[in-house]
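Here is the structure we will look at.
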Amino acid sequence: MKAILVNEDKSLSWSDVPDPIIKPCEVLVKIEAAALNRADLMQRDGDYPPPPGCPEWMGLEISGEIVEIGKEAKEKSDWKIGDKVCALLGGGGYAEYVAVKYDMLMPVPKNCSMVEAAAIPEAFATAYLNLFIEGKIKEGNTLLMHAGASGLASVIIPMAKAFGIRVITSVLSDEIANSIKHLNADVIINTSKEKTSDVLKRELENGHGVDVTIDCLGGEHMGECLPYLTHGARWIMIAALAGQKTEIDLKNIYVKNVRIIGSTLRSRTPEVKAQILSELVENVFPKIEEGLVKPTIYKVLPIEKAEEAHAILQKGENVGKVVLTVK
């Protein structure tokens, strides 16, 4: 089969690799689409290696069709050859086929295309993990989701809204703010005009203090925002794209019982990931099938154009997910 490999000069090539050989607990999926994540860029740069046993090529989420099922997978699941599925991977999605443990698969939700389904597993599982498991967010709470135009925000914002949560998000310009209006965030902060901390202070004074933050930016502004959270708030760090250092007044943390939580999906055990996917199908897929939550697709490209797709993420052009199709 073919897969996207990273060459010595960091360029990408659609190259021949060995066919996957499934274990008894795995199924073989013929890939139809693979969605991009910022982790793919990090892996390409050598900063985010795949877990042991995973293929060396990138790709954390795919959709496709089951073409082979291992003995144990057949005994322990209801999957059948021909089933259309989407899957969460440790790696290996930029390819024609992938071997997947049976409990890392989900059915394609009704009313979702295969392209949309490919954009569900990583982003929706990350959203669910941080909103409901780490964040313990509840109806009526307020969420701050940074980087409102990111692929993850395009999932987290509508997912939060579907569960009755008030959402504040941040973007870099009025143009970007207009491009994400369809996500229906309650407050969009244009950080080129106003500091996030000033908005959070105003919101707190008006009775809308932030209960949960999902932060992929970090940097100096993170510490500036912490005084303006509700008592017992959770600030969840998932990346630090704006800088790895900040200054924190520790008194604000212990007086208000604020929790700062580091969180990545990829570092979770397979058992935890399987539980997240199971809860996702049970609790969130009905919202998807009702049309309340859906992946925002920015661009679809053939997998041979993976280089062009990566450039879109590197430049921050996308509002929503970029997806590669495999033929």
Side-chain angles (χ1 to χ4, degrees), residues 38 42 126-150 152-161 163-173 176-177 180 183-268 272 276 316:
R38 194 155 287 278
M42 295 164 64
T126 299
Y128 187 85
L129 165 66
N130 292 305
L131 282 173
F132 299 105
I133 297 174
E134 294 291 7
K136 296 180 171 54
I137 205 160
K138 294 181 172 61
E139 184 177 353
N141 280 177
T142 294
L143 169 74
L144 170 62
M145 175 68 211
H146 280 309
S150 66
L152 183 58
S154 74
V155 172
I156 284 181
I157 294 171
M159 188 183 293
K161 294 296 295 177
F163 284 89
I165 294 155
R166 190 168 183 274
V167 179
I168 302 169
T169 193
S170 63
V171 296
L172 294 171
S173 68
I176 298 173
I180 66 163
L183 299 177
N184 295 320
D186 297 274
V187 178
I188 301 177
I189 306 167
N190 176 355
T191 56
S192 69
K193 293 181 174 178
E194 197 168 19
K195 289 177 68 174
T196 301
S197 55
D198 290 342
V199 176
L200 297 193
K201 181 181 180 184
R202 186 167 66 240
E203 290 289 311
L204 182 64
E205 290 168 350
N206 291 335
H208 294 300
V210 169
D211 301 288
V212 177
T213 297
I214 299 177
D215 186 4
C216 58
L217 300 178
E220 62 181 32
H221 298 300
M222 182 263 191
E224 294 173 359
C225 293
L226 290 176
Y228 307 114
L229 307 178
T230 60
H231 190 275
R234 284 76 67 200
W235 189 287
I236 303 168
M237 294 299 310
I238 62 171
L241 300 175
Q244 297 178 8
K245 294 186 178 179
T246 195
E247 188 173 304
I248 294 174
D249 181 346
L250 293 174
K251 187 175 180 180
N252 286 318
I253 303 300
Y254 62 77
V255 168
K256 283 193 168 183
N257 288 352
V258 170
R259 289 164 174 78
I260 299 174
I261 301 165
S263 175
T264 63
L265 178 65
R266 197 172 198 178
S267 63
R268 310 287 163 151
V272 169
I276 292 168

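Quick caveat, the model's predicted, so the values are computed rather than measured. Note: hydrogens, waters and symmetry copies are ignored here, and every other heavy atom, side chains too, is used.
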Next item on the list: Under the side-chain hydrogen bond (donor to acceptor under 3.5 Å, both in side chains) rule, what do Arg268 and Ser263 come out as? Steps first, then yes or no, please.
Entry: CA-CA 9 Å; Arg268 310 287 163 151; Ser263 175; 2.9 Å; yes
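- Within a 6.0 Å sphere centred on NZ of Lys201, other residues, nucleotides and ligands contribute 12 heavy atoms or fewer.
- Partner of Asp186 under the side-chain hydrogen bond (donor to acceptor under 3.5 Å, both in side chains) criterion, chosen from His208, Arg166, Lys161: Lys161.
- Expressed to the nearest 0.5 Å, how far CD of Glu134 lies from CZ of Arg259 amounts to 11.5 Å.
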Note to self: Show, in sequence, the C-alpha distance, side-chain angles and deciding distance for Glu203 and Ile168, and conclude whether the side chain to side chain contact (heavy atoms under 4.5 Å, CB included) test is met.
What the structure shows: CA-CA 10 Å; Glu203 290 289 311; Ile168 302 169; 3.9 Å; yes
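- Annotation: side chain of Val167 is not in contact with side chain of Leu183 (no heavy-atom distance under 4.5 Å).
- Residues Leu226 and Trp235 meet the side-chain proximity criterion, which asks for heavy atoms closer than 4.5 Å.
- Look at Lys195 and Glu224 and you find a salt bridge, because one of the NZ, NE, NH1 or NH2 atoms lies within 4.0 Å of a carboxylate O, short of that distance.
- With salt bridges taken as basic N to acidic carboxylate O contacts below 4.0 Å, one links Arg202 and Glu194.
- Inter-residue side-chain proximity for Val171 and Ile189 is flagged as unmet; no heavy-atom pair is nearer than 4.5 Å.
- Atom CG of Asp215 is separated from atom CG of Leu144 by 7.5 Å, given to the nearest 0.5 angstrom.
- Residues Thr169 and His146 fail the side-chain proximity criterion, which asks for heavy atoms closer than 4.5 Å.
- A pairwise comparison of heavy atoms in Ala160 and Leu143 identifies CB-CD2, 4.0 Å as the closest pair.
- Listed here is the closest heavy atom pair of Ile276 and Tyr128: CG2-CD2, 4.3 Å.
- For Asn190 and Ser192, the side-chain atoms include at least one donor-acceptor pair closer than 3.5 Å.
- Using a 4.5 Å heavy-atom threshold, the side chains of Ile165 and Thr142 count as separate.
- Taking CG from Asn141 and NZ from Lys136, the interatomic distance works out to 12.5 Å, rounded to the nearest 0.5 Å.
- Counting heavy atoms from C-beta on, the side chains of Leu131 and Ile156 come closer than 4.5 Å.
- In terms of heavy-atom proximity, Ile238 sits nearest to Thr264 at O-CG2, 4.4 Å.
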Next item on the list: Determine, stepwise, if the pair Lys138 / Phe132 fulfils side chain to side chain contact (heavy atoms under 4.5 Å, CB included).
Entry: CA-CA 8 Å; Lys138 294 181 172 61; Phe132 299 105; over 6 Å; no
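- Of all the heavy atoms in Cys225 and Thr196, the pair that sits closest is SG-CG2, 3.8 Å.
- A distance of 9.0 Å separates CD1 in Ile188 from CG in Asn184, rounded to the nearest 0.5 Å.
- A heavy-atom distance below 4.5 Å is not found between the side chains of Thr230 and Val210.
- Not one N or O on the side chain of Arg234 forms a donor-acceptor pair closer than 3.5 Å with the backbone of Val212.
- In plain terms, the two heavy atoms of Ala153 and Ala147 that are nearest each other are CB-O, 3.3 Å.
- Thr246 contributes a side-chain N or O that, together with a main-chain N or O of Gly219, makes up a donor-acceptor pair within less than 3.5 Å.
- Two residues are said to be in side-chain contact when any heavy atoms from C-beta on lie closer than 4.5 Å; Tyr228 and Lys256 fail this criterion.
- The CD1 atom of Ile176 lies 10.0 Å from the OG atom of Ser170; values are rounded to the nearest 0.5 Å.
- In terms of heavy atoms, Ala127 sits closest to Val155 at CB-CG1, 3.9 Å.
- The CG atom of Asn130 lies 11.5 Å from the OG1 atom of Thr213; values are rounded to the nearest 0.5 Å.
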